[in-house]
Protein chains: 2
Amino acid sequence: MSFDGQLPPKMRLLRAAAELLAKSAGAAVSTRQITQLAGVTAPTLYHHFGDKEGLFDAVVAAGFEEYVAGERDFAPSGQPLVDIRRMWDNHVQFGLAQPELYLVMFGNIRPESRPAIVADAEGLLEEMLNKAAAAGQLNVQPREAARSILAANVGVTLMLIAEPAAERNLELSTMTRDAMIFAVSRDQGRDAGAEDSGKSSVVVAAIALNAALQASHSDQLTSSELKLFLEWLHRISTSSTS
Amino acid sequence: MSFDGQLPPKMRLLRAAAELLAKSAGAAVSTRQITQLAGVTAPTLYHHFGDKEGLFDAVVAAGFEEYVAGERDFAPSGQPLVDIRRMWDNHVQFGLAQPELYLVMFGNIRPESRPAIVADAEGLLEEMLNKAAAAGQLNVQPREAARSILAANVGVTLMLIAEPAAERNLELSTMTRDAMIFAVSRDQGRDAGAEDSGKSSVVVAAIALNAALQASHSDQLTSSELKLFLEWLHRISTSSTS
DNA sequence: TCAGTTCATATAGCGTTGCTATAGGTGCTA
DNA sequence: TAGCACCTATAGCAACGCTATATGAACTGA
(Lines give C-alpha, C1' and ligand atoms only; values in the text may rest on other atoms or scores of the structure.)
Protein backbone atom coordinates (compact mmCIF):
# COMPACT_ATOMS: atom_id res chain seq x y z
CA MET A 1 0.00 0.00 0.00
CA SER A 2 2.92 2.30 -0.63
CA PHE A 3 1.40 4.25 -3.44
CA ASP A 4 -2.01 5.16 -2.07
CA GLY A 5 -2.97 8.74 -1.91
CA GLN A 6 -1.80 11.66 -3.90
CA LEU A 7 -0.50 10.24 -7.15
CA PRO A 8 -2.82 9.43 -10.05
CA PRO A 9 -3.55 5.75 -10.54
CA LYS A 10 -1.52 5.58 -13.71
CA MET A 11 1.63 6.66 -11.89
CA ARG A 12 0.86 4.39 -8.97
CA LEU A 13 0.60 1.45 -11.34
CA LEU A 14 3.88 2.31 -12.99
CA ARG A 15 5.73 2.59 -9.72
CA ALA A 16 4.16 -0.51 -8.26
CA ALA A 17 5.08 -2.51 -11.36
CA ALA A 18 8.63 -1.20 -11.33
CA GLU A 19 9.03 -1.97 -7.66
CA LEU A 20 7.67 -5.49 -7.91
CA LEU A 21 9.70 -6.15 -11.02
CA ALA A 22 12.86 -5.04 -9.25
CA LYS A 23 12.13 -7.10 -6.15
CA SER A 24 11.02 -10.34 -7.74
CA ALA A 25 14.29 -12.04 -8.59
CA GLY A 26 13.32 -13.20 -12.03
CA ALA A 27 10.02 -14.63 -10.87
CA ALA A 28 6.80 -13.69 -12.57
CA VAL A 29 4.87 -10.66 -11.37
CA SER A 30 1.09 -10.89 -11.49
CA THR A 31 -1.30 -8.14 -12.35
CA ARG A 32 -3.08 -8.79 -9.09
CA GLN A 33 0.06 -8.07 -7.13
CA ILE A 34 0.59 -4.88 -9.07
CA THR A 35 -2.94 -3.59 -8.80
CA GLN A 36 -3.11 -4.41 -5.11
CA LEU A 37 0.12 -2.58 -4.39
CA ALA A 38 -1.04 0.35 -6.47
CA GLY A 39 -4.38 0.38 -4.66
CA VAL A 40 -6.52 0.03 -7.77
CA THR A 41 -8.50 -2.72 -9.41
CA ALA A 42 -7.84 -4.66 -12.54
CA PRO A 43 -9.80 -2.64 -15.12
CA THR A 44 -7.80 0.45 -14.26
CA LEU A 45 -4.64 -1.24 -15.38
CA TYR A 46 -6.18 -2.31 -18.66
CA HIS A 47 -7.71 1.07 -19.24
CA HIS A 48 -4.38 2.83 -19.03
CA PHE A 49 -1.97 0.29 -20.48
CA GLY A 50 -4.02 -2.07 -22.62
CA ASP A 51 -2.55 -5.19 -21.14
CA LYS A 52 0.16 -6.44 -18.87
CA GLU A 53 2.78 -6.16 -21.54
CA GLY A 54 1.79 -2.58 -22.19
CA LEU A 55 2.41 -1.76 -18.56
CA PHE A 56 5.77 -3.47 -18.68
CA ASP A 57 6.63 -1.60 -21.84
CA ALA A 58 5.93 1.63 -20.02
CA VAL A 59 8.17 0.57 -17.17
CA VAL A 60 10.88 -0.35 -19.63
CA ALA A 61 10.51 2.98 -21.40
CA ALA A 62 11.07 4.76 -18.11
CA GLY A 63 14.04 2.57 -17.35
CA PHE A 64 15.44 3.19 -20.76
CA GLU A 65 15.27 6.92 -20.30
CA GLU A 66 17.26 6.48 -17.14
CA TYR A 67 19.75 4.41 -19.08
CA VAL A 68 20.04 6.97 -21.84
CA ALA A 69 20.48 9.73 -19.29
CA GLY A 70 23.36 7.77 -17.80
CA GLU A 71 24.92 7.27 -21.19
CA ARG A 72 24.84 10.98 -21.88
CA ASP A 73 25.56 12.23 -18.42
CA PHE A 74 29.31 12.51 -18.45
CA ALA A 75 31.10 15.34 -20.16
CA PRO A 76 32.68 14.28 -23.43
CA SER A 77 36.37 13.85 -22.87
CA GLY A 78 37.27 14.95 -26.34
CA GLN A 79 38.56 11.46 -26.95
CA PRO A 80 35.66 9.54 -28.43
CA LEU A 81 37.19 6.15 -27.74
CA VAL A 82 37.56 7.04 -24.08
CA ASP A 83 33.93 8.04 -24.03
CA ILE A 84 32.98 4.74 -25.66
CA ARG A 85 34.73 3.01 -22.83
CA ARG A 86 32.71 4.98 -20.31
CA MET A 87 29.52 4.11 -22.14
CA TRP A 88 30.43 0.45 -21.97
CA ASP A 89 31.08 0.64 -18.25
CA ASN A 90 27.88 2.57 -17.69
CA HIS A 91 25.98 -0.09 -19.59
CA VAL A 92 27.38 -2.87 -17.43
CA GLN A 93 26.79 -0.91 -14.27
CA PHE A 94 23.20 -0.23 -15.23
CA GLY A 95 22.65 -3.92 -15.84
CA LEU A 96 24.13 -4.93 -12.52
CA ALA A 97 22.29 -2.22 -10.62
CA GLN A 98 18.89 -3.12 -12.06
CA PRO A 99 19.20 -6.66 -13.31
CA GLU A 100 15.48 -7.34 -13.63
CA LEU A 101 14.89 -4.21 -15.61
CA TYR A 102 17.93 -4.93 -17.71
CA LEU A 103 16.73 -8.44 -18.47
CA VAL A 104 13.41 -7.09 -19.64
CA MET A 105 15.18 -4.52 -21.79
CA PHE A 106 18.02 -6.52 -23.28
CA GLY A 107 17.11 -10.07 -22.41
CA ASN A 108 14.93 -12.16 -24.58
CA ILE A 109 11.65 -11.91 -22.80
CA ARG A 110 9.16 -10.44 -25.21
CA PRO A 111 11.25 -10.47 -28.39
CA GLU A 112 8.96 -8.03 -30.13
CA SER A 113 9.87 -4.97 -28.13
CA ARG A 114 13.54 -5.80 -27.92
CA PRO A 115 14.75 -4.60 -31.32
CA ALA A 116 13.48 -1.06 -30.77
CA ILE A 117 15.41 -0.67 -27.56
CA VAL A 118 18.47 -2.30 -28.97
CA ALA A 119 18.30 0.05 -31.93
CA ASP A 120 18.15 3.04 -29.61
CA ALA A 121 21.11 1.86 -27.58
CA GLU A 122 22.92 1.20 -30.80
CA GLY A 123 22.19 4.74 -31.89
CA LEU A 124 23.80 6.15 -28.78
CA LEU A 125 26.95 4.21 -29.42
CA GLU A 126 26.98 5.01 -33.09
CA GLU A 127 26.65 8.69 -32.36
CA MET A 128 29.82 8.58 -30.33
CA LEU A 129 31.59 6.36 -32.80
CA ASN A 130 30.85 8.86 -35.53
CA LYS A 131 33.04 11.31 -33.70
CA ALA A 132 35.78 8.74 -33.54
CA ALA A 133 35.39 8.10 -37.24
CA ALA A 134 35.55 11.81 -37.95
CA ALA A 135 38.80 11.93 -36.02
CA GLY A 136 40.16 9.13 -38.18
CA GLN A 137 40.32 6.70 -35.32
CA LEU A 138 38.00 4.07 -36.71
CA ASN A 139 38.80 0.99 -38.66
CA VAL A 140 35.27 0.06 -39.68
CA GLN A 141 31.92 1.68 -40.30
CA PRO A 142 30.56 3.32 -37.16
CA ARG A 143 27.31 1.41 -37.52
CA GLU A 144 29.02 -1.95 -37.70
CA ALA A 145 31.28 -1.01 -34.84
CA ALA A 146 28.30 0.02 -32.74
CA ARG A 147 26.48 -3.23 -33.39
CA SER A 148 29.50 -5.29 -32.59
CA ILE A 149 30.38 -3.42 -29.42
CA LEU A 150 26.80 -3.44 -28.19
CA ALA A 151 26.46 -7.15 -28.81
CA ALA A 152 29.55 -7.88 -26.78
CA ASN A 153 28.47 -5.41 -24.13
CA VAL A 154 25.11 -7.11 -23.73
CA GLY A 155 26.69 -10.55 -23.71
CA VAL A 156 29.11 -9.58 -21.00
CA THR A 157 26.43 -7.93 -18.90
CA LEU A 158 24.11 -10.91 -19.18
CA MET A 159 26.89 -13.22 -18.16
CA LEU A 160 27.76 -11.07 -15.18
CA ILE A 161 24.14 -10.88 -14.13
CA ALA A 162 23.79 -14.64 -14.43
CA GLU A 163 26.56 -15.45 -12.04
CA PRO A 164 26.36 -15.00 -8.27
CA ALA A 165 27.10 -11.46 -7.21
CA ALA A 166 29.92 -12.64 -4.97
CA GLU A 167 31.83 -14.26 -7.81
CA ARG A 168 31.44 -11.48 -10.28
CA ASN A 169 34.72 -10.60 -11.86
CA LEU A 170 34.53 -7.27 -13.61
CA GLU A 171 37.75 -8.00 -15.38
CA LEU A 172 35.65 -9.94 -17.85
CA SER A 173 34.05 -6.65 -18.73
CA THR A 174 37.20 -4.57 -18.97
CA MET A 175 38.99 -7.20 -20.98
CA THR A 176 36.19 -7.68 -23.46
CA ARG A 177 35.61 -3.96 -23.64
CA ASP A 178 39.19 -3.18 -24.51
CA ALA A 179 39.29 -6.02 -27.00
CA MET A 180 36.27 -4.68 -28.83
CA ILE A 181 37.36 -1.06 -28.80
CA PHE A 182 40.79 -2.04 -29.95
CA ALA A 183 39.34 -4.15 -32.73
CA VAL A 184 37.36 -1.31 -34.25
CA SER A 185 40.02 1.32 -33.74
CA ARG A 186 42.79 2.15 -36.08
CA ASP A 187 46.47 2.15 -35.14
CA GLN A 188 46.68 -1.56 -34.60
CA GLY A 189 49.72 -3.44 -35.75
CA ARG A 190 48.83 -6.54 -37.72
CA ASP A 191 45.93 -8.87 -37.95
CA ALA A 192 44.62 -11.82 -36.06
CA GLY A 193 44.54 -14.76 -38.37
CA ALA A 194 48.11 -15.93 -38.56
CA GLU A 195 49.62 -18.29 -36.09
CA ASP A 196 53.30 -18.91 -35.84
CA SER A 197 55.29 -22.09 -36.17
CA GLY A 198 53.00 -24.59 -34.53
CA LYS A 199 53.22 -27.08 -31.76
CA SER A 200 55.04 -25.97 -28.73
CA SER A 201 55.91 -28.05 -25.74
CA VAL A 202 56.70 -27.81 -22.13
CA VAL A 203 60.33 -27.42 -23.01
CA VAL A 204 59.88 -24.60 -25.46
CA ALA A 205 57.57 -22.76 -23.14
CA ALA A 206 59.90 -23.25 -20.23
CA ILE A 207 62.82 -21.89 -22.18
CA ALA A 208 60.82 -18.88 -23.22
CA LEU A 209 59.66 -18.25 -19.70
CA ASN A 210 63.14 -18.67 -18.36
CA ALA A 211 64.53 -16.09 -20.70
CA ALA A 212 61.69 -13.73 -20.17
CA LEU A 213 61.86 -13.99 -16.40
CA GLN A 214 65.55 -13.30 -16.24
CA ALA A 215 65.18 -10.34 -18.51
CA SER A 216 62.32 -8.66 -16.75
CA HIS A 217 63.15 -8.84 -13.06
CA SER A 218 59.65 -9.78 -12.17
CA ASP A 219 58.70 -8.91 -8.63
CA GLN A 220 55.96 -11.48 -8.35
CA LEU A 221 58.23 -13.92 -6.55
CA THR A 222 60.76 -13.42 -3.80
CA SER A 223 64.37 -13.91 -4.74
CA SER A 224 64.59 -17.26 -3.03
CA GLU A 225 61.41 -18.39 -4.70
CA LEU A 226 62.73 -17.19 -8.00
CA LYS A 227 65.94 -19.12 -7.54
CA LEU A 228 64.11 -22.36 -6.92
CA PHE A 229 61.68 -21.58 -9.69
CA LEU A 230 64.47 -21.10 -12.18
CA GLU A 231 66.12 -24.28 -11.03
CA TRP A 232 62.96 -26.21 -11.72
CA LEU A 233 62.55 -24.48 -15.02
CA HIS A 234 66.05 -25.55 -15.88
CA ARG A 235 65.30 -29.09 -14.89
CA ILE A 236 62.23 -29.10 -17.11
CA SER A 237 63.81 -27.39 -20.05
CA THR A 238 66.85 -29.64 -20.18
CA SER A 239 64.90 -32.85 -19.97
CA SER A 240 64.03 -34.90 -22.96
CA THR A 241 61.06 -33.77 -24.99
CA SER A 242 57.64 -35.31 -24.74
CA MET B 1 -1.36 -35.95 -32.65
CA SER B 2 2.01 -36.57 -34.22
CA PHE B 3 3.44 -38.64 -31.43
CA ASP B 4 0.70 -41.14 -30.73
CA GLY B 5 1.52 -44.76 -30.91
CA GLN B 6 4.79 -46.51 -30.60
CA LEU B 7 6.99 -44.29 -28.48
CA PRO B 8 6.76 -44.28 -24.69
CA PRO B 9 4.90 -41.33 -23.21
CA LYS B 10 8.05 -39.80 -21.80
CA MET B 11 9.62 -39.52 -25.24
CA ARG B 12 6.35 -38.31 -26.72
CA LEU B 13 6.25 -35.55 -24.12
CA LEU B 14 9.82 -34.55 -24.84
CA ARG B 15 9.28 -34.37 -28.57
CA ALA B 16 5.97 -32.60 -28.28
CA ALA B 17 7.51 -30.01 -25.97
CA ALA B 18 10.48 -29.51 -28.27
CA GLU B 19 8.24 -29.16 -31.29
CA LEU B 20 5.88 -26.70 -29.67
CA LEU B 21 8.77 -24.74 -28.24
CA ALA B 22 10.36 -24.51 -31.66
CA LYS B 23 7.13 -23.48 -33.37
CA SER B 24 5.83 -20.94 -30.90
CA ALA B 25 7.78 -17.85 -31.81
CA GLY B 26 8.64 -16.78 -28.31
CA ALA B 27 5.12 -17.21 -27.04
CA ALA B 28 4.38 -19.28 -23.99
CA VAL B 29 3.75 -23.00 -24.37
CA SER B 30 1.16 -24.50 -22.05
CA THR B 31 1.28 -27.91 -20.48
CA ARG B 32 -2.14 -28.59 -21.93
CA GLN B 33 -0.84 -28.04 -25.44
CA ILE B 34 2.08 -30.33 -24.79
CA THR B 35 0.11 -33.14 -23.20
CA GLN B 36 -2.54 -32.97 -25.90
CA LEU B 37 0.04 -33.17 -28.68
CA ALA B 38 1.78 -36.01 -26.87
CA GLY B 39 -1.52 -37.80 -26.39
CA VAL B 40 -1.27 -38.08 -22.63
CA THR B 41 -2.87 -36.35 -19.70
CA ALA B 42 -1.46 -33.92 -17.20
CA PRO B 43 -0.34 -36.24 -14.39
CA THR B 44 1.86 -38.18 -16.79
CA LEU B 45 3.89 -35.06 -17.41
CA TYR B 46 4.31 -34.41 -13.71
CA HIS B 47 5.11 -38.01 -13.00
CA HIS B 48 8.05 -38.00 -15.38
CA PHE B 49 9.36 -34.48 -15.12
CA GLY B 50 8.19 -33.09 -11.81
CA ASP B 51 6.90 -29.87 -13.26
CA LYS B 52 6.82 -27.82 -16.42
CA GLU B 53 10.29 -26.47 -15.85
CA GLY B 54 11.60 -29.99 -15.39
CA LEU B 55 10.26 -30.92 -18.79
CA PHE B 56 11.82 -27.85 -20.32
CA ASP B 57 15.08 -28.65 -18.61
CA ALA B 58 15.01 -32.06 -20.23
CA VAL B 59 14.38 -30.49 -23.62
CA VAL B 60 17.23 -28.09 -23.03
CA ALA B 61 19.51 -30.94 -21.98
CA ALA B 62 18.77 -32.73 -25.22
CA GLY B 63 19.35 -29.54 -27.16
CA PHE B 64 22.56 -28.96 -25.33
CA GLU B 65 23.86 -32.39 -26.21
CA GLU B 66 23.18 -31.59 -29.80
CA TYR B 67 25.06 -28.35 -29.36
CA VAL B 68 28.01 -30.05 -27.73
CA ALA B 69 28.06 -32.66 -30.45
CA GLY B 70 28.26 -29.88 -33.01
CA GLU B 71 31.06 -28.22 -31.12
CA ARG B 72 33.08 -31.39 -31.10
CA ASP B 73 32.12 -32.70 -34.48
CA PHE B 74 34.80 -31.27 -36.70
CA ALA B 75 38.28 -32.69 -36.78
CA PRO B 76 40.76 -30.56 -34.91
CA SER B 77 42.74 -28.59 -37.41
CA GLY B 78 45.86 -28.63 -35.32
CA GLN B 79 45.53 -24.89 -35.07
CA PRO B 80 43.56 -24.24 -31.90
CA LEU B 81 42.68 -20.71 -32.81
CA VAL B 82 41.21 -21.88 -36.09
CA ASP B 83 39.15 -24.41 -34.16
CA ILE B 84 38.00 -21.68 -31.80
CA ARG B 85 36.76 -19.81 -34.80
CA ARG B 86 34.79 -22.83 -35.95
CA MET B 87 33.32 -23.23 -32.50
CA TRP B 88 32.18 -19.62 -32.59
CA ASP B 89 30.52 -20.08 -35.97
CA ASN B 90 28.92 -23.30 -34.86
CA HIS B 91 27.54 -21.52 -31.80
CA VAL B 92 25.96 -18.79 -33.91
CA GLN B 93 24.59 -21.26 -36.39
CA PHE B 94 23.02 -23.33 -33.65
CA GLY B 95 21.37 -20.24 -32.24
CA LEU B 96 19.96 -19.19 -35.59
CA ALA B 97 18.81 -22.70 -36.47
CA GLN B 98 16.94 -23.21 -33.20
CA PRO B 99 16.32 -19.75 -31.82
CA GLU B 100 13.69 -20.75 -29.28
CA LEU B 101 15.84 -23.50 -27.87
CA TYR B 102 18.79 -21.17 -27.85
CA LEU B 103 16.87 -18.52 -25.99
CA VAL B 104 15.92 -21.02 -23.34
CA MET B 105 19.53 -22.15 -23.07
CA PHE B 106 21.43 -18.88 -23.23
CA GLY B 107 18.72 -16.30 -22.85
CA ASN B 108 17.61 -15.13 -19.50
CA ILE B 109 14.47 -17.11 -19.01
CA ARG B 110 14.86 -19.22 -15.90
CA PRO B 111 18.09 -17.74 -14.59
CA GLU B 112 18.68 -20.68 -12.26
CA SER B 113 19.50 -23.24 -14.90
CA ARG B 114 21.47 -20.86 -17.06
CA PRO B 115 24.77 -20.82 -15.21
CA ALA B 116 25.20 -24.59 -15.50
CA ILE B 117 24.80 -24.56 -19.24
CA VAL B 118 26.94 -21.50 -19.62
CA ALA B 119 29.60 -23.21 -17.54
CA ASP B 120 29.52 -26.25 -19.79
CA ALA B 121 29.79 -24.18 -22.93
CA GLU B 122 32.60 -22.29 -21.30
CA GLY B 123 34.34 -25.57 -20.56
CA LEU B 124 34.26 -26.56 -24.22
CA LEU B 125 35.87 -23.32 -25.22
CA GLU B 126 38.39 -23.45 -22.43
CA GLU B 127 39.40 -26.94 -23.43
CA MET B 128 40.33 -25.74 -26.86
CA LEU B 129 41.93 -22.59 -25.54
CA ASN B 130 44.16 -24.69 -23.35
CA LYS B 131 45.67 -26.13 -26.50
CA ALA B 132 46.23 -22.64 -27.80
CA ALA B 133 47.81 -21.68 -24.52
CA ALA B 134 50.05 -24.73 -24.61
CA ALA B 135 51.20 -23.63 -28.03
CA GLY B 136 52.09 -20.24 -26.66
CA GLN B 137 49.40 -18.50 -28.65
CA LEU B 138 47.46 -17.03 -25.77
CA ASN B 139 47.75 -13.69 -24.16
CA VAL B 140 45.53 -14.33 -21.16
CA GLN B 141 44.39 -17.19 -19.01
CA PRO B 142 42.38 -19.73 -20.99
CA ARG B 143 39.52 -19.48 -18.52
CA GLU B 144 39.30 -15.72 -18.83
CA ALA B 145 39.59 -15.98 -22.57
CA ALA B 146 36.81 -18.54 -22.68
CA ARG B 147 34.49 -16.39 -20.58
CA SER B 148 35.15 -13.34 -22.66
CA ILE B 149 34.75 -15.09 -26.00
CA LEU B 150 31.59 -16.88 -24.90
CA ALA B 151 30.05 -13.67 -23.60
CA ALA B 152 30.63 -11.96 -26.90
CA ASN B 153 29.46 -15.02 -28.79
CA VAL B 154 26.19 -15.11 -26.86
CA GLY B 155 25.70 -11.38 -27.25
CA VAL B 156 26.17 -11.55 -30.99
CA THR B 157 23.88 -14.55 -31.36
CA LEU B 158 21.13 -12.93 -29.30
CA MET B 159 21.38 -9.80 -31.38
CA LEU B 160 21.19 -11.76 -34.61
CA ILE B 161 18.20 -13.72 -33.35
CA ALA B 162 16.45 -10.55 -32.30
CA GLU B 163 16.53 -8.97 -35.71
CA PRO B 164 14.41 -10.02 -38.66
CA ALA B 165 15.88 -12.98 -40.52
CA ALA B 166 15.95 -11.03 -43.75
CA GLU B 167 18.18 -8.30 -42.36
CA ARG B 168 20.62 -10.54 -40.60
CA ASN B 169 24.14 -9.57 -41.38
CA LEU B 170 26.54 -12.30 -40.41
CA GLU B 171 29.42 -9.92 -40.77
CA LEU B 172 28.56 -8.79 -37.27
CA SER B 173 29.49 -12.26 -36.15
CA THR B 174 32.70 -12.62 -38.11
CA MET B 175 33.90 -9.20 -37.15
CA THR B 176 33.25 -9.66 -33.46
CA ARG B 177 34.65 -13.15 -33.58
CA ASP B 178 37.93 -12.09 -35.08
CA ALA B 179 38.15 -9.17 -32.71
CA MET B 180 37.79 -11.43 -29.70
CA ILE B 181 40.15 -14.11 -30.92
CA PHE B 182 42.67 -11.52 -31.84
CA ALA B 183 42.37 -9.91 -28.45
CA VAL B 184 43.20 -13.04 -26.52
CA SER B 185 45.84 -14.27 -28.91
CA ARG B 186 49.47 -13.49 -28.92
CA ASP B 187 51.36 -12.14 -31.91
CA GLN B 188 49.59 -8.83 -31.85
CA GLY B 189 51.59 -5.68 -32.22
CA ARG B 190 50.48 -4.00 -29.05
CA ASP B 191 47.40 -4.15 -26.95
CA ALA B 192 44.38 -2.04 -26.49
CA GLY B 193 44.45 0.63 -23.86
CA ALA B 194 47.14 -0.74 -21.68
CA GLU B 195 50.87 -0.82 -21.92
CA ASP B 196 52.87 -3.43 -20.01
CA SER B 197 54.80 -4.53 -23.07
CA GLY B 198 57.86 -5.63 -21.14
CA LYS B 199 56.11 -7.99 -18.79
CA SER B 200 53.80 -9.47 -21.34
CA SER B 201 56.32 -11.93 -22.70
CA VAL B 202 56.70 -13.34 -19.20
CA VAL B 203 52.97 -13.61 -18.91
CA VAL B 204 52.56 -15.33 -22.25
CA ALA B 205 55.31 -17.78 -21.53
CA ALA B 206 53.95 -18.51 -18.08
CA ILE B 207 50.46 -19.13 -19.43
CA ALA B 208 51.83 -21.43 -22.07
CA LEU B 209 53.96 -23.33 -19.63
CA ASN B 210 51.11 -23.60 -17.18
CA ALA B 211 48.84 -25.14 -19.77
CA ALA B 212 51.54 -27.39 -21.11
CA LEU B 213 52.51 -28.67 -17.69
CA GLN B 214 48.96 -29.47 -16.72
CA ALA B 215 48.44 -31.31 -19.98
CA SER B 216 51.59 -33.35 -20.03
CA HIS B 217 51.91 -34.74 -16.51
CA SER B 218 55.58 -34.04 -16.51
CA ASP B 219 57.60 -36.22 -14.24
CA GLN B 220 60.48 -33.82 -13.96
CA LEU B 221 59.20 -32.51 -10.65
CA THR B 222 57.73 -34.24 -7.66
CA SER B 223 54.08 -33.66 -7.06
CA SER B 224 54.70 -31.30 -4.20
CA GLU B 225 57.22 -29.38 -6.22
CA LEU B 226 54.81 -29.26 -9.09
CA LYS B 227 52.09 -27.91 -6.89
CA LEU B 228 54.23 -25.05 -5.68
CA PHE B 229 55.58 -24.48 -9.16
CA LEU B 230 52.10 -24.15 -10.58
CA GLU B 231 51.13 -21.82 -7.79
CA TRP B 232 53.99 -19.51 -8.67
CA LEU B 233 53.21 -19.76 -12.33
CA HIS B 234 49.69 -18.73 -11.55
CA ARG B 235 50.95 -15.80 -9.54
CA ILE B 236 53.10 -14.67 -12.42
CA SER B 237 50.55 -15.18 -15.11
CA THR B 238 47.78 -13.33 -13.33
CA SER B 239 49.88 -10.38 -12.28
CA SER B 240 49.64 -8.27 -15.38
CA THR B 241 46.27 -6.58 -15.35
CA SER B 242 44.76 -4.01 -13.08
C1' DT C 1 -1.15 -69.43 -8.92
C1' DC C 2 -1.75 -65.47 -6.62
C1' DA C 3 -1.34 -61.60 -3.12
C1' DG C 4 1.86 -57.66 -2.74
C1' DT C 5 4.30 -54.10 -4.61
C1' DT C 6 5.64 -50.72 -7.84
C1' DC C 7 5.20 -48.12 -11.86
C1' DA C 8 2.38 -45.48 -15.09
C1' DT C 9 -1.70 -43.29 -16.48
C1' DA C 10 -6.50 -41.23 -16.01
C1' DT C 11 -10.51 -38.51 -13.73
C1' DA C 12 -11.69 -34.55 -11.74
C1' DG C 13 -10.86 -30.37 -9.68
C1' DC C 14 -8.26 -26.61 -6.87
C1' DG C 15 -6.31 -22.04 -6.77
C1' DT C 16 -4.35 -18.44 -9.61
C1' DT C 17 -3.59 -16.15 -13.79
C1' DG C 18 -4.59 -12.41 -17.54
C1' DC C 19 -8.33 -10.16 -19.00
C1' DT C 20 -13.27 -8.13 -19.81
C1' DA C 21 -18.57 -7.19 -20.05
C1' DT C 22 -21.12 -4.14 -17.73
C1' DA C 23 -22.26 -0.42 -15.02
C1' DG C 24 -21.66 3.51 -11.99
C1' DG C 25 -19.48 7.62 -10.49
C1' DT C 26 -17.05 12.10 -11.51
C1' DG C 27 -16.19 16.47 -13.61
C1' DC C 28 -16.54 19.23 -17.57
C1' DT C 29 -19.05 22.10 -21.20
C1' DA C 30 -23.45 24.04 -23.02
C1' DT D 1 -29.78 20.93 -15.96
C1' DA D 2 -28.51 17.81 -19.60
C1' DG D 3 -25.23 15.59 -21.98
C1' DC D 4 -20.82 13.66 -22.56
C1' DA D 5 -16.25 12.02 -22.03
C1' DC D 6 -13.34 10.02 -18.83
C1' DC D 7 -12.09 6.94 -15.20
C1' DT D 8 -12.87 3.21 -11.85
C1' DA D 9 -15.34 -0.87 -9.50
C1' DT D 10 -18.11 -5.34 -9.28
C1' DA D 11 -18.19 -9.69 -10.80
C1' DG D 12 -16.80 -13.31 -13.45
C1' DC D 13 -14.82 -16.10 -17.63
C1' DA D 14 -11.49 -19.15 -19.80
C1' DA D 15 -7.00 -20.84 -19.48
C1' DC D 16 -3.18 -21.76 -16.70
C1' DG D 17 0.13 -24.96 -13.61
C1' DC D 18 -0.51 -28.43 -10.71
C1' DT D 19 -2.36 -32.34 -7.58
C1' DA D 20 -5.37 -35.68 -4.58
C1' DT D 21 -7.09 -39.78 -5.61
C1' DA D 22 -8.01 -43.89 -8.10
C1' DT D 23 -7.26 -47.48 -11.65
C1' DG D 24 -4.83 -50.43 -14.59
C1' DA D 25 -0.51 -53.00 -15.91
C1' DA D 26 3.71 -55.32 -14.99
C1' DC D 27 6.68 -57.61 -12.14
C1' DT D 28 8.11 -60.40 -7.63
C1' DG D 29 8.29 -63.84 -4.25
C1' DA D 30 5.95 -67.82 -2.05
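Residue numbering restarts at 1 for every chain, and letters A, B, ... go by the order of the sequence lines.
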Q: Salt-bridge test for A/Lys23 and A/Glu19: reply yes if a basic N is under 4.0 Å from a carboxylate O, no otherwise.
A: yes
Quickly work out the [X] [atom1] to [N] [atom2] distance and round it to whole Å.
| X | N | atom1 | atom2 | answer |
| --- | --- | --- | --- | --- |
| A/Leu13 | D/dC7 | CG | P | 13 Å |
| B/Lys10 | C/dT9 | NZ | P | 11 Å |
| B/Phe56 | D/dC16 | CZ | P | 12 Å |
| A/Ile34 | C/dT16 | CD1 | P | 17 Å |
| B/Phe49 | C/dC7 | CZ | P | 17 Å |

Q: Can you spot which of A/Arg147, A/Lys131, A/Arg143 makes a salt bridge (Lys or Arg N to Asp or Glu O under 4.0 Å) with A/Glu126?
A: A/Arg143
Q: Determine the interplanar angle of the A/Tyr67 and A/Phe106 rings, folded into 0 to 90°, and report it as parallel if under 30°, tilted if 30 to 60°, perpendicular if over 60°.
A: perpendicular
Q) Does a side-chain N or O from A/Thr41 land closer than 4.0 Å to OP1 or OP2 of D/dT10, or not? A) no
Q. Can you tell me if the side-chain N/O atoms of B/His47 get under 4.0 Å from OP1 or OP2 in C/dA8?
A. yes
Q | Derivation of the side-chain hydrogen bond (donor to acceptor under 3.5 Å, both in side chains) call for B/Glu66 and B/Gln98 | A | CA-CA 11 Å; B/Glu66 180 186 347; B/Gln98 310 211 24; 3.0 Å; yes
Q: Might you point out which heavy atoms bring B/Lys52 and B/Val29 nearest each other, and give the distance in Å?
A: NZ-O, 2.7 Å
Q: Going 5' to 3' through nucleotides 17-26 of chain C, assign each nucleotide B (protein heavy atom under 4.0 Å from a base atom), S (under 4.0 Å only from sugar-phosphate atoms) or - (no protein heavy atom that close).
A: BBBBB-----
Q: Would you tell me whether B/Thr35 and B/Thr41 have side-chain atoms, one donor and one acceptor, within less than 3.5 Å of each other?
A: no
